[in-house]
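What follows is a single structure, written as structure tokens, with notes after it.
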Amino acid sequence: MLETSREFLAQINNASSIKNKLKTSDRALFILHDQLNLDVFPKELLAQKPLLIFVESLKYATFIPHHKQKLVYILSSQRHFAITCHQDRFPVLNLFTEGFHAEAIADFLVQYPQLKLTYMQPSEWDTRSQMLALNDQFSDRIEILANRFFIVDAEKFKPKIKKGYRLETFYRELRKQTGYLMADGKPVGDNWNYDKENRKALPKNTVIPTVPEVEPDAITQEVIELVNQYLPNALGRLDKFGYAVTRDRALELAQLFIETRLANFGAYEDAIKVGAPFLFHSVLSIYLNNGLLLPQEVCGMAIVAYKQNIAPLNSVEGFIRQILGWREYVRVYYEAQMPQVRESNYFEFFNNLPQLYWDANTDLICLKDAVTNVLNYGYSHHIQRLMVLSNFSNLTNTDPRQLNYWFWLAYVDAYEWVELPNVLGMSTFADGGILASKPYVSGGNYINKMSNCCSQCTYDVKKKTGSSACPFNYLYWNFVDQHRHSFIENGRVSIMISTYENKTEDEKIAIRDSSIDFIKNLKRSYSE
């Protein structure tokens, strides 16, 4: 890639260049920053060599204070993709706007009234709404394509999203539909789900393969300088940016995961180790969620690995369940529940987010490690997201909408369609049980079982109450007591009520007093 992005933008955005492009095509294709793969667009459209329009939106970059690495990733991968398209002989235009994407597109269409525009439906609700508003002004010049960056048609499954329709049912339907890990109409291995084999703690001397960091090239360095210049106070660090920003490099990282980490992914996918943010996880969601990788090809790579005895069935099935099952499921949920779900707050928690989510300043090692990973990489794996960060938020009566906001801005792989269902549906039970069957809360024993955090912590995980006890312990039982209706209604966890009731009155008082004291003194971030 010869050009720097500055040289490239200057070359393609000058007035004469734009006029020449419009002479050869009256059709433009707008490509969003999370749709960076021409393979999903209609071949007949691409055969016309339409003008490809990219937009760099300052308003999108700043409407929430995104993590610095997220901003660098979005902008650098988009610029790299635009250059690749130009090298593939597509006419390319890169627009900049201080507003949102739709504003730049509207201004351009006004300037060139002969131009017809095609775009693929955005995955995020607000961008989609803004683009749809263009139809009022340019209805005869706009064509909207269905979003094909997912495996299933969400419209077919939306009516099913209600209490009682769970991931497992959805997942089995998709296994049958795709044929993934199926033989003669039955699941390979005779089981649909190997989750019970995927809950092992990490043995002490386990060697963890390195996830390579990709050295920022000249284009990415330019973007890093840009973000540091205009958004110096955004969350996170940039000195550790090491993500791939091109499809070729993302494919290499996917293959490396298959060869070096997939085999152990299943067994240890729920494990936590201090100072090891990636463990055996793929770290491919970042590339899947902006199109550099496609879900079908990644699932295919994992299936080949199983057939070639590179990875066992429990690992391959667990990995495919995350992509074919969970990723597709939360996307359908998002389509079915928006926009009302944004305000979900089943437990009616209104406390501000704890300050530690912004600075990792806490004596609780499990939380310190998880937030440090976020600050350093814009990433932590799913168990830290679910059973540490979200668990603590619930146990401290934190407003789930504030936690949702934080997840949206803090993670490089976070777009609203994927993080909102995970936070408001799954991890905080804020939707009241439409997505998840139970509140995902636990005491310190779970974290102790699955990690090495507790052995390094100043709090004692074996103590149940008092200032030196692990706060997760008493906060958990206080949560059970305060929200017993949610446990009684759910057979899977109703036994917790009986366990709580068997405690002595002195134990119950100590649980309540310890919880009140901890929650009262927990430093919270300011929110308007």
Verify whether the ring centers belonging to [X] and [Y] lie closer than 6.0 Å.
X	Y	answer
Trp326	Tyr329	yes
Phe81	His33	no
Tyr119	His101	no
Phe472	Tyr446	no
Trp417	Phe149	no

Open item on the list: Evaluate Ser315 against Tyr306 for side chain to side chain donor-acceptor pair (under 3.5 Å), listing each step before the verdict.
Closed with: CA-CA 9 Å; Ser315 284; Tyr306 171 67; over 6 Å; no
Is there a donor-acceptor pair closer than 3.5 Å between any side-chain N or O of [X] and the backbone N or O of [Y]?
X	Y	result
Tyr287	Ala244	yes
Asn37	Gly291	yes
Lys368	Ala360	yes

- [ ] Please check if atom CZ in Phe350 has more than 12 non-hydrogen atoms from other residues, nucleotides or ligands closer than 6.0 Å.
- [x] yes
Ionic contact status for [Y] with [X], cut-off 4.0 Å:
X	Y	result
Glu335	Arg128	yes
Lys70	Glu419	no
Asp126	Lys59	no
Arg331	Glu328	no

Task: Closest heavy-atom pair and its distance - Ala267, Asn314 - done: N-ND2, 3.8 Å
Open item on the list: Quick check: closest heavy atoms across Pro421 and Tyr333, and the distance to 0.1 Å?
Closed with: CB-CD2, 3.5 Å
Atom [atom1] in [X], atom [atom2] in [Y]: separation rounded to 0.5 Å?
X	Y	atom1	atom2	result
Leu375	His67	CG	NE2	6.0 Å
Tyr171	Tyr180	OH	OH	11.5 Å
Trp406	Ile64	CH2	CD1	12.5 Å

Can you spot which of [options] makes a side chain to side chain contact (heavy atoms under 4.5 Å, CB included) with [X]?
X	options	result
Gln78	Ile31, Ile83, Asn94, Asn290	Asn94
Leu475	Thr396, Asn391, Asn397, Asn394	Thr396
Thr428	Val423, Leu386, Asn422	Val423

- [ ] Given side chain to side chain donor-acceptor pair (under 3.5 Å), test His80 with Ser76 step by step and report yes or no.
- [x] CA-CA 6 Å; His80 279 86; Ser76 181; 3.3 Å; yes
- [ ] Could you check His381, Lys200, His382 and say which one makes a side-chain hydrogen bond (donor to acceptor under 3.5 Å, both in side chains) with Asp270?
- [x] His382
Open item on the list: Within the 4.5 Å heavy-atom criterion, are Val211 and Phe257 side-chain neighbours or not?
Closed with: no
TODO: May I ask you to test the Gln35-Asn147 pair for a side-chain heavy-atom distance under 4.5 Å?
DONE: yes
- [ ] With side chain to side chain donor-acceptor pair (under 3.5 Å) as the test, would you mind laying out the steps for Ser285 and Arg327 before giving the verdict?
- [x] CA-CA 9 Å; Ser285 57; Arg327 185 175 186 271; over 6 Å; no
With no hydrogens and no angle check, just 3.5 Å: does a side-chain donor-acceptor pair link [X] and [Y]?
X	Y	value
Asp431	Gln337	no
Glu416	Tyr334	yes
Glu124	Tyr60	yes
Glu225	Gln229	no
Asp369	Gln384	yes

Task: Axial cation check for Tyr379 ring with Arg385, 6.0 Å and 45° limits - done: yes
TODO: Establish, for the pair Lys438 and Tyr440, whether the NZ or CZ atom is under 6.0 angstrom from the six-membered ring centre and no further than 45 degrees off its axis.
DONE: yes
